A.B. asks: 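Structure in structure tokens, see below.
Start at 1 and go down the list; that is how both ligands and their atoms are numbered. Predicted model only: the values in this text are computed from it and were never measured.
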Amino acid sequence: MKKTVLSGIRPTGNLHLGNYFGAVRSFVKMQHDYNCFFFIADIHSLTTHPTPENLQAGVKQVLAEYLACGIDPDVATIYIQSDVPEVTELYTYLNMNAYLGELERTTSFKDKARQQPDNVNAGLLTYPVLMAADIIIHKANFVPVGKDQEQNLEMARKFAKRFNHMYNHRVFPMPKPYTFDGKDMVKVPGLDGSGKMGKSEGNGIYLYEDPADIRKKVMRAVTDSGPTQPNQKKPEPIENLFTLMKIVSSPDVVAFFDEQYNNCAIRYGDMKKQLAEDIISFTSPIRERILEIRDNDAYLAKVASEGAERARVSARKTLDEVRKVMGIKRLF
Ligand code: AMP
């Protein structure tokens, strides 16, 4: 039997290179060999209070972008999280065994509480519980995620294990991270000298982005005055530039600039120009497909409703089992 895979993305903005190389390219690769569920995490995105119009527009855009990246809705199940209410029911049950101390200690909660100090809501605190419900409602075996989600996935394993133990039934398998090449989880850096490319960080390069804007962003990437000694260690902003180049450029291009760096002959302007062109070559075909499908409402609605139907069948099956082992409604 095929193993099950689940992954999701919040509809809080367009997909950026971090989303693609951290998660989406794995989905595209896995869809033919695994039983795949890919969802748009609209409930998760409510923690930042989007307007209804922005939420709707975001869901539609991410759906079109998923499809443009090559996810085939005839092969994989693509759905919108709020179309599957079984997820929020399981979230409620899991919350009964999730403890304040462990939730407060998660890095993502601490980061978000810092980023939005006026809106430290309970949804932020229990974010890992909802994420666990998303994953285990389909009994997922693998979750393709970037490095930023490593801890949340550990929490999902913890909650699944705790539930199995508490009710003495092995209802849930332990979900494992999946990486594209079987190596470490990917962390795509930002070009502003910061560690991570992200929507909240405001430093994303988007799949949908106009080539002229990509060029501008890359040319503005933070650098320094250049190495002064051969084979000197690269400071973080320079290392980030190379990390991104390793992701989108060919190995000989990376080797060329690496050598230039090591010989103290590097011209960051040339490197950035090359990087921008390589990013554009990668994003352009995806951008064209996004433009083709994003206004095709009938097609997008069909994909979402068929996906919801399939996801609900899977979720219902798990929830029936969960309710049974918990003793809910067994008296009637
Ligand atoms: P989000 O944008 O937070 O909804 O994340 C959706 C998916 O993209 C998750 O699997 C993340 O791990 C992944 N992701 C987001 N940003 C990055 C990044 N900078 N590097 C690697 N993966 C990322």
A.B. asks: Of the backbone atoms (N, CA, C, O) and the side-chain heavy atoms from C-beta on, which set of Asp148 has a member under 4.0 Å from an atom of ligand 1: side chain, backbone, both, or neither?
C.D. replies: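 The answer is the side chain of Asp148.
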A.B. asks: At under 4.0 Å between heavy atoms, is it the side chain or the backbone of His16 that contacts ligand 1, or both, or neither?
C.D. replies: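 The answer is the side chain.
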A.B. asks: I'd like to check which ligand 1 atoms, numbered from 1 as shown, lie under 4.0 Å from a non-hydrogen atom of Val145.
C.D. replies: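 Selected atoms, number and element: 10 (O), 12 (O).
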A.B. asks: Decide yes or no for Lys246 and Val254: does some side-chain heavy atom of the first lie under 4.5 Å from some side-chain heavy atom of the second?
C.D. replies: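 Yes, close enough: below the 4.5 Å cut-off.
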A.B. asks: In ligand 1, which numbered atoms sit nearer than 4.0 Å to a non-hydrogen atom of Lys187?
C.D. replies: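 This gives 20 (N), 21 (C) as the contact atoms.
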A.B. asks: In terms of side-chain geometry, is the basic nitrogen of Asp320 or Lys324 positioned less than 4.0 Å from the acidic oxygen of its partner?
C.D. replies: no
A.B. asks: With respect to Ile9, determine whether any N or O atom, backbone or side chain, lies less than 3.5 Å from an N or O atom of ligand 1.
C.D. replies: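 The answer is no, given that Ile9 and ligand 1 share no N or O pair closer than 3.5 Å.
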A.B. asks: State whether Glu239 and Lys233 are salt-bridged, where the test is any N-O pair (Lys NZ or Arg NE/NH1/NH2 against Asp/Glu carboxylate O) under 4.0 Å.
C.D. replies: no
A.B. asks: Is the shortest heavy-atom distance from the side chain of Glu86 to the side chain of Ile137 under 4.5 Å?
C.D. replies: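 In short, these two side chains touch, coming nearer than 4.5 Å.
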A.B. asks: Is there a nitrogen or oxygen of Val188 sitting under 3.5 Å from a nitrogen or oxygen of ligand 1?
C.D. replies: yes
A.B. asks: Consider every N or O of Asn19 and every N or O of ligand 1, then say whether any pair is closer than 3.5 Å.
C.D. replies: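 The answer is yes, given that Asn19 and ligand 1 share an N or O pair closer than 3.5 Å.
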A.B. asks: So is Gly13 touching ligand 1 or not, going by heavy atoms under 4.0 Å?
C.D. replies: no
A.B. asks: Do we see a donor-acceptor contact under 3.5 Å between the side chains of Asn152 and Gln149?
C.D. replies: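 Yes, side-chain donor-acceptor contact under 3.5 Å.
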A.B. asks: Tell me whether Met197 has any N or O atom under 3.5 angstrom from an N or O of ligand 1.
C.D. replies: yes
A.B. asks: Could you identify the single nearest non-hydrogen protein atom to atom 23 (C) of ligand 1 and state the distance to 0.1 Å?
C.D. replies: Gly18 O, 3.2 Å
A.B. asks: Determine whether the aromatic ring centres of Phe109 and Tyr127 lie less than 6.0 Å apart.
C.D. replies: no
A.B. asks: Nearest to atom 21 (C) of ligand 1, what protein heavy atom do you find, and at what distance?
C.D. replies: Val186 O, 3.2 Å
A.B. asks: Is a side-chain N or O of Gln232 found less than 3.5 angstrom from the main chain of Gln229, in a donor-acceptor match?
C.D. replies: yes
A.B. asks: Kindly identify the option in Met131, Gln149, Arg10, Lys196 whose heavy atom sits closest to atom 9 (C) of ligand 1.
C.D. replies: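 Result: the heavy atom closest to atom 9 (C) of ligand 1 is in Gln149.
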A.B. asks: Pull out every atom of ligand 1 sitting under 4.0 Å from any heavy atom of Gly8, numbered as shown with elements.
C.D. replies: 6 (C)
A.B. asks: Assign the ring pair Tyr79 / Phe37 to parallel, tilted or perpendicular, where the plane angle (0 to 90°) is split at 30° and 60°.
C.D. replies: perpendicular
A.B. asks: Classify the ring geometry of Tyr261 against Tyr268: parallel below 30°, tilted from 30° to 60°, perpendicular beyond 60°.
C.D. replies: tilted
